[in-house]
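We name chains A, B, ... by the order of the sequence lines, and we start the count at 1 in each one.
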Amino acid sequence: MTKVGFEALYSKLNKRQKEAVDQIDGPVMVVAGPGTGKTQILAARIANILKETDTNPGQILCLTYTDAGVVAMRDRLIQFIGPLAYRVNIHTFHSLCNEIIQFNSSYFGYKNLQPASDLDTEKILREIIDELPNDSPLKRFKGDIYYEASDLKNLFDILKKEHFEIEVLKEQAERFFKDKEDSGDFVYKVNGKNFKKGDIKHKDYKEERLKIDRLKASLDLFGVFNQKMAERRLYDFSDMILWVLKAFKEDKDFLLNYQERYLYFLVDEFQDTNGSQLELVNYLAEYWDIPNLFVVGDEDQSIYRFQGANVKNIDLFRTQYQQHLSTTVLTDNYRSAQPILDASRALISLNTERIATIDKVLFSKHPEFSKVTDLPVIRSYTNPIQETVAVGNAIKALHKQGVPYKEMAVLYRNHKHVEDIIKYFNTSDIPYNSKRKVNILTELFVKKLMTMLKYISAELNKPYSGEAYIFEILNYDFYDIAPLDLAKISVEIKNKRGTKWRDFLSEESGGQQDMFANQAGHGSKVEIKRLASDLEYWIKEANNVTVPQLIERLIAKGGVLSYVMQADSKRWQMQMLRTFFDFVKEEAARKPDLTLQEFIETVELYQSSEIPIEAMQVLHVPDSVNLMTLHGSKGLEFEHVFIIRSIDSEWIKKRGNNRDFGLGKILNSAAEESDIEEVRRLMYVGMTRAKKGLYMSYYKKDLKEKEVNKLQFIAELEEKAGLKEEHGIVSDEDILDFEMHYYQYEATPEFELLDHDYLDVLLEKYTLSATHLNTYLKCPVTFYFNHVLRVPSAKSESASFGTAIHAALEELFKNYSENKVMPSVADVIGYFDYSMYLNRDSFTEQGYKRHKEHGKQTLTKYYEKYRSEWEQESVYVIEKNMAHIELGGVPIKGKLDKIVFDGNDAYVIDFKTGNFETAVKKCKPPKDEPKEGHYEETYGGDYWRQMVFYHLLIDNFTEKSWQMKRGEMNFVEPDKHDNFHKEVFTISHEDVAVVKQQIKDTYLKIKAHEFEKGCGEDNCHWCNFVKFYLKKEVHITETLPGSGVDEEEGMS
DNA sequence: TGAAGACCCATTTTT
DNA sequence: TGGGTCTTCA
């Protein structure tokens, strides 16, 4: 190892760099353009201080924003001063604050403060919202959650990002609104148009008011939130600088402790929330009349405003220390060719959010690239596929010329922009590095583990309650069991009524019986035995060990680990496994007596709250092309840089999106220009990553042939930097070749059915019902698994809730017709509670409480609304079973909730739980010219069909000569405005004819075993099952969309 | 012409 | 969920 020392490295600095380093006293600001060596300056400055003064290294505090920055800083410093570098305090702002909090936690009033997880925060917010008064706009009952998810997100964002502003701005905001309203020039933005108070409609005005009200409510929440966090000895990362600042303000001794500790402060750029980092540094430095402060930064590269970074910080700093400040501008660029620097400067000069007096004209000083004269390239392509293929081809060509892959990068605005490129790289074997965060909870692999845990937990709590999971687990590729054998077993089990999967499996593993010796393949049998004994082992172990231990055994004992070791993407699978296990351990550390059930509920809470558990998916291939977002590229450099998908609408988002209507957005509703400047800086950062070759591209028409606008910065570059756009052309052959691979992914799932003779036997006595008909029309694959193989399925919370409501109503009417006395509300709620109790195992503890409360309220309102109506009805039947009915050779059956009679005239009533708004489209008949693939328009809505089906049942019911006059869907739950709804159906001849035909067609198709083609919907449980589990290979980024449990409609 | 309905789409990232 | 945009209907 060559020994490097200060002198040697110092001599390599240029004049301006030396200037910045040499002045060792007083505040210094270094404005450094890209590629000018910021880290080197920081390191050299520290080295110089140590050389020129008798300062102890421990008295120097160097602050940066990221951990990566700390590492880079330390490495650089080692080159200058060797091991001494370890004695210099290099911190991130956060780690410094963390240290202060930990060290002084008693000052903050709490011992053993812990950082809060996102879930803690979520839980606290839920609690707060639960405590809000019922008329609060934040608390609206929606389904089974007591708040609007988007509100929660907004709150969360406000709390996280803006809580500095809040205290100050709360008052400001209110004054702002009041003044504006009073003066009449409050400009409301509604549907993208501006309105003044005079010409705004009442409705729009109200919407705007609502936003303000919500905002105010959320501001009030903030105080409560902080208090609750403190009670639990938790702190949010975004909280902690606030806490420390407060401590500095209040306690001068506390401050003194830190001021005496450090003599020099060096800051690597402020990336903070509205000046808090600057404020923190000021507090530390205020001890000295002329502080030894050294700050480096580039206002043109400030691209993290969304996370708090503010261009104004650097300006603020300058004005603050004006008097003694010496400013150095670094203009010697050691990275890029001159044409790249010129072009990027031409672009960034258009920004106004810059330090007015400093115009950084950069000069290329790179020994090799400064000689390069090639201009940056702008290319347009006809469509995105052309662009993808062209970029891929260009990369291949460069590699052929000897450019290593790792010296090339593809930069883009959003992650989704790179998906095509990845497909292209995969098909043409170009190695690439892509670093992105993946939520492991949505990954197939983790979902499989979770299902196994759910099975174990269910069986542990109540034997046989996990039946619904077994079929799925048996199909996992952790074990080598043939799907067809499983299908057969499934049917056999169903035929032997009362037999449970678990019993069957343990018999198999015990080897006492050989049920399927002749049918199932021998290989499958061995594997089934293995899995069966594993499952029993885990269930037994679950009683004796902690959750992390159980999961450890799940991984080690079963097929999981060996599967991972053999998988193509070992590294990624292991990474997921590790992240998942770390998470388990963390949860267990938080709550030492964690039960499996609790752990599962926690994970489900993460999922429902959309809080990710992230693993960094790093495909580390040594020499490979770098794919990253423009944000991710900050601080890096590559010989050749491709900036793709330069489309205006993709880069510059329209403001006022629904994700947050935080203070910033409302107060700056006119600040669109600064948005554009931020994105222009992003482009600038991207461009200045290139050393030698810079290629920017866009496409003219999207895949729907719609014209798109190119990025305005491209036009600016043409105008201001004199770059010429060229049209890129790709050969048809290349395009075709790529498209072939591209569409391969879209293939519909297919799988192997049981043999036809066997299916015939199964379907011999098949009778069609309305529910079955609906299921088949929607998705034959689901029909096959649910109604032919009859795989046990778990009942969802909402389905069980529906059952309980139905049971309560049934009991009500039964009692009334038998005793002629209307049961009281309390009675009805009693019936409901009893049914809930019977079904309590399909609820979580909280869900059970919530649904019970919701049911109580709903039934009370419903009862009050309809009681008098019910008392008018004299003759009716409840839960009428209609079987052995034949319709043109098709056996049909059904169970009707309630039929009210007037002589032979029958009025059919069906009770529906669930959201009225979403049910409306289910009540519509088919259209004459349906849109391709549109379910309701093609076949009509499920509820409509159900009613027509009932009509057919009654018409063909030979025992009685009833006539169905009317059908009615009665919605038990009111809509948002608390109105109850009935959907009344008068069934026409045409309706009857249509459904008759559907029944016949469907019956024939069932008899002909047409089950292979599913609906292919993203959230279809069984289509996903076929797609992901019956196919025995796993793609790295493949995730399983939708949840494992399907939504039940509660149709009876 | 305006209202109502259907449909599509939901950054960037650090601690 | 909820806004913007495009389509359909009165």
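Here dA10(B) presents its C1' atom at 11 Å from CG of Asn414(A), a figure rounded to the nearest Å. Rounded to a whole Å, the NE2 atom of His94(A) is 12 Å from the P atom of dT14(B). Computed from coordinates, the Met628(A) CE to dT13(B) P distance equals 11 Å when rounded to whole Å. In this structure, Gln301(A) places its CD atom 16 Å from C1' of dT12(B), rounding to the nearest Å. Across the protein-nucleic acid pair, Gln277(A) atom CD and dT14(B) atom C1' stand 10 Å apart, rounded to whole Å. The interatomic distance linking Lys634(A) (NZ) with dT13(B) (P) rounds to 13 Å, in whole Å. What separates CG of Leu636(A) from P of dT13(B) is a distance of 13 Å, to the nearest Å. To the nearest angstrom, P of dT13(B) lies 9 Å from OH of Tyr412(A).
No hydrogens or angles were tested; on distance alone, nothing pairs the side chain of Tyr304(A) with the base of dT13(B) as donor and acceptor under 3.5 Å.
Checking the phosphate oxygens (OP1, OP2) of dT13(B), a side-chain nitrogen or oxygen of His415(A) falls inside 4.0 Å.
Closest to the side chain of Lys416(A), from the set dT15(B), dT12(B), dA10(B), is dA10(B). Residue Thr629(A) places its side chain closer to dT13(B) than to any other of dT14(B), dT13(B), dT15(B). Checked against dT13(B), dT11(B), dT15(B), the side chain of Thr92(A) finds its nearest nucleotide in dT15(B).
Using a 4.0 Å heavy-atom distance criterion, Asp67(A) is classed as a sugar-phosphate-only contact.
Within 6.0 Å of the NZ atom in Lys921(A), the count of heavy atoms belonging to other residues, nucleotides or ligands does not exceed 12.
Taking atom P in both dT13(B) and dG2(C), the straight-line distance is 27 Å, to the nearest Å.
Side-chain contact between Arg413(A) and Thr629(A): absent, with no pair of heavy atoms (C-beta onward) separated by less than 4.5 Å.
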Could you write out each protein N or O paired with an N or O of nucleotides 5-8 of chain B at a distance under 3.5 Å?
from	atom 1	to	atom 2	distance (Å)
dA6(B)	OP1	Lys924(A)	NZ	3.4
dC7(B)	OP1	Lys931(A)	NZ	3.0

- Query: After noting the C-alpha distance and the side-chain angles of Glu937(A) and Lys924(A), does the key distance pass the salt bridge (charged side-chain N to carboxylate O under 4.0 Å, His left out) rule?
  - Reply: CA-CA 8 Å; Glu937(A) 290 187 4; Lys924(A) 292 188 172 160; over 6 Å; no

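In this structure, the side chain of Arg681(A) engages the main chain of Ser302(A) through a donor-acceptor pair within 3.5 Å.
In this structure, the ring of Phe103(A) has its center no less than 6.0 angstrom from the ring center of Tyr258(A).
The line from OG of Ser633(A) to CG of Leu411(A) is 4.5 Å long, rounded to the nearest 0.5 Å.
For the pair Lys416(A) and Glu650(A), the salt-bridge criterion is met [side-chain N within less than 4.0 Å of a carboxylate O].
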